[in-house]
Number of protein chains: 2
Amino acid sequence: MSLLLDGPRRYSDLRRVIDGISPRMLTLTLRGLERDGLVLRKVTPTTPPKVDYSLTQVGRTLSGQVSELIGWAEQHYAYISDSRRRYDEKG
Amino acid sequence: MSLLLDGPRRYSDLRRVIDGISPRMLTLTLRGLERDGLVLRKVTPTTPPKVDYSLTQVGRTLSGQVSELIGWAEQHYAYISDSRRRYDEKG
DNA sequence: CGGCATCCTTCCGGATACTG
DNA sequence: CAGTATCCGGAAGGATGCCG
């Protein structure tokens, strides 16, 4: 979702950025977001076809919270990794 | 997580509030949060035993973002439901 | 290019029964 | 009370192949 903040992205672009994701999962995820009205799917029926994904108005209202969540995760990543290691090693 | 903001809660309390959750899932969830260092599990070995769950210092730093997310969800619940209904009905 | 259909394996998570 | 143990059905999701 936060990947779409800078504007529309094509399917293949998203696949490249979200490294390792299968086409199936990417499509399912995008379709879910589209169904929820957070992402807009715009098909241009040329050859080769072109599909742009962008945030809807409402989708953009979520971007702040998502960014904050990402920020939190980055800030506390080391702490959580440490906590897990300690938990797994003894108890 | 947001349930723990007001202070420690006992296992059975959480089970009552999160209605319908199985003991297995509640334990797994709490154990995951404990492993990540977000929740503290404090056992008092009396009869009957007593276990209190509370947020750690770091766990509390996440509460703001969680609250905002909940707020967003409540605010846009109707929109999303509508979007889904329209999506499922035609396309 | 941007998918969908299908197969197949994994594992999530509910139900139930039992314990310190 | 606060879990653990076990069984089990169904869903999640990777791999592969095909299509407009």
Side-chain angles (χ1 to χ4, degrees), chain A residues 1-56 59 66 69 73 80 83-84 86-91, chain B residues 1-56 59 66 69 73 80-81 83-91:
Chain A
M1 276 242 0
S2 67
L3 294 173
L4 296 174
L5 282 179
D6 311 331
R9 288 291 164 91
R10 300 190 57 179
Y11 181 87
S12 50
D13 293 336
L14 292 171
R15 234 198 125 177
R16 201 169 311 113
V17 176
I18 310 171
D19 197 39
I21 194 170
S22 64
R24 186 180 182 278
M25 272 318 295
L26 181 54
T27 298
L28 284 178
T29 303
L30 289 168
R31 284 305 196 289
L33 291 168
E34 187 195 1
R35 188 172 102 106
D36 290 349
L38 303 180
V39 157
L40 187 69
R41 179 166 176 268
K42 184 169 159 194
V43 183
T44 311
T46 56
T47 42
K50 184 181 149 188
V51 181
D52 279 316
Y53 292 95
S54 56
L55 292 181
T56 64
V66 171
L69 223 45
I80 291 179
S83 180
R84 287 187 179 176
R86 269 182 277 111
Y87 188 95
D88 293 343
E89 277 175 4
K90 48 193 203 83
Chain B
M1 277 244 357
S2 67
L3 294 173
L4 296 174
L5 281 179
D6 311 331
R9 288 292 165 90
R10 299 190 58 178
Y11 181 86
S12 51
D13 292 337
L14 291 172
R15 235 198 124 178
R16 202 169 309 113
V17 176
I18 310 172
D19 197 39
I21 194 170
S22 63
R24 186 179 180 278
M25 270 320 293
L26 181 54
T27 298
L28 284 178
T29 303
L30 289 168
R31 285 302 197 288
L33 291 169
E34 187 195 1
R35 188 171 104 106
D36 290 349
L38 303 180
V39 158
L40 188 68
R41 180 167 174 267
K42 185 169 159 191
V43 183
T44 311
T46 56
T47 43
K50 184 181 151 188
V51 181
D52 278 316
Y53 293 95
S54 56
L55 290 182
T56 64
V66 170
L69 225 44
I80 291 179
S81 300
S83 179
R84 287 187 179 175
R85 200 172 30 63
R86 270 182 276 109
Y87 188 95
D88 292 343
E89 277 176 3
K90 44 193 205 82

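Of all the heavy atoms in B/Gly37 and A/Ser83, the pair that sits closest is N-OG, 3.1 Å.
A heavy-atom distance below 4.5 Å is not found between the side chains of B/Thr29 and B/Ile18. Residues B/Tyr87 and A/Asp36 form no side-chain contact, since every pair of their non-hydrogen atoms from C-beta on lies 4.5 Å or further apart.
Positionally, the nearest nucleotide of DNA chain D for B/Arg16 lies more toward the 5' end than for the other of B/Thr27 and B/Arg16.
Closest to the A/Pro49 side chain, of the nucleotides D/dG20, C/dC4, C/dG20, is D/dG20. With distances taken from any side-chain atom of A/Arg10 to the nucleotides D/dA2, C/dG2, C/dG3, the minimum falls on C/dG2.
Regarding B/Leu26, its CG atom lies at a distance of 13 Å from the P atom of C/dG13, rounded to whole Å. B/Tyr11 has its OH atom 10 Å from the C1' atom of D/dC1, to the nearest Å. For the pair B/Leu30 CG and D/dA2 P, the interatomic distance rounds to 11 Å; values are reported in whole Å. Between A/Lys42 atom NZ and C/dG2 atom C1' the separation is 17 Å, expressed in whole Å. A straight line from NZ of B/Lys50 to C1' of C/dG20 spans 19 Å, rounded to a whole angstrom.
Between B/Tyr53 and the phosphate of D/dG3, there is a side-chain N or O to OP1/OP2 separation shorter than 4.0 Å. Residue A/Arg15 places no side-chain N or O under 4.0 Å from the OP1 or OP2 atom of C/dC1.
Checking side-chain atoms of A/Ser54 against main-chain N and O of A/Gly7 turns up no donor-acceptor pair under 3.5 Å.
Partner of A/Leu40 under the side chain to side chain contact (heavy atoms under 4.5 Å, CB included) criterion, out of A/Leu55, A/Leu33, A/Thr56: A/Thr56 alone.
How far OG1 of A/Thr27 is from CD of A/Glu34: 11.0 Å, rounded to the nearest 0.5 Å. The line from CZ of A/Arg31 to CG of A/Leu26 is 9.5 Å long, rounded to the nearest 0.5 Å.
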Listing time: all N or O pairs from protein to nucleotides 8-15 of chain D that are below 3.5 Å?
residue: D/dG13; atom: N7; partner: A/Arg24; partner atom: NH1; Å: 3.2
residue: D/dG13; atom: N7; partner: A/Arg24; partner atom: NH2; Å: 2.9
residue: D/dG14; atom: OP2; partner: A/Ser22; partner atom: OG; Å: 2.9

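Using five terminal pairs a side, the axes of the helix from C/dC1-D/dG20 to C/dG20-D/dC1 at its two ends make an angle of 60°, given in steps of 10 degrees.
With sequence neighbours excluded, the residues that form a side chain to side chain donor-acceptor pair (under 3.5 Å) with B/Asp13 are B/Arg16.
Classification of A/Arg9 and A/Asp52 as a salt-bridged pair fails, no side-chain N sitting under 4.0 Å from a carboxylate O.
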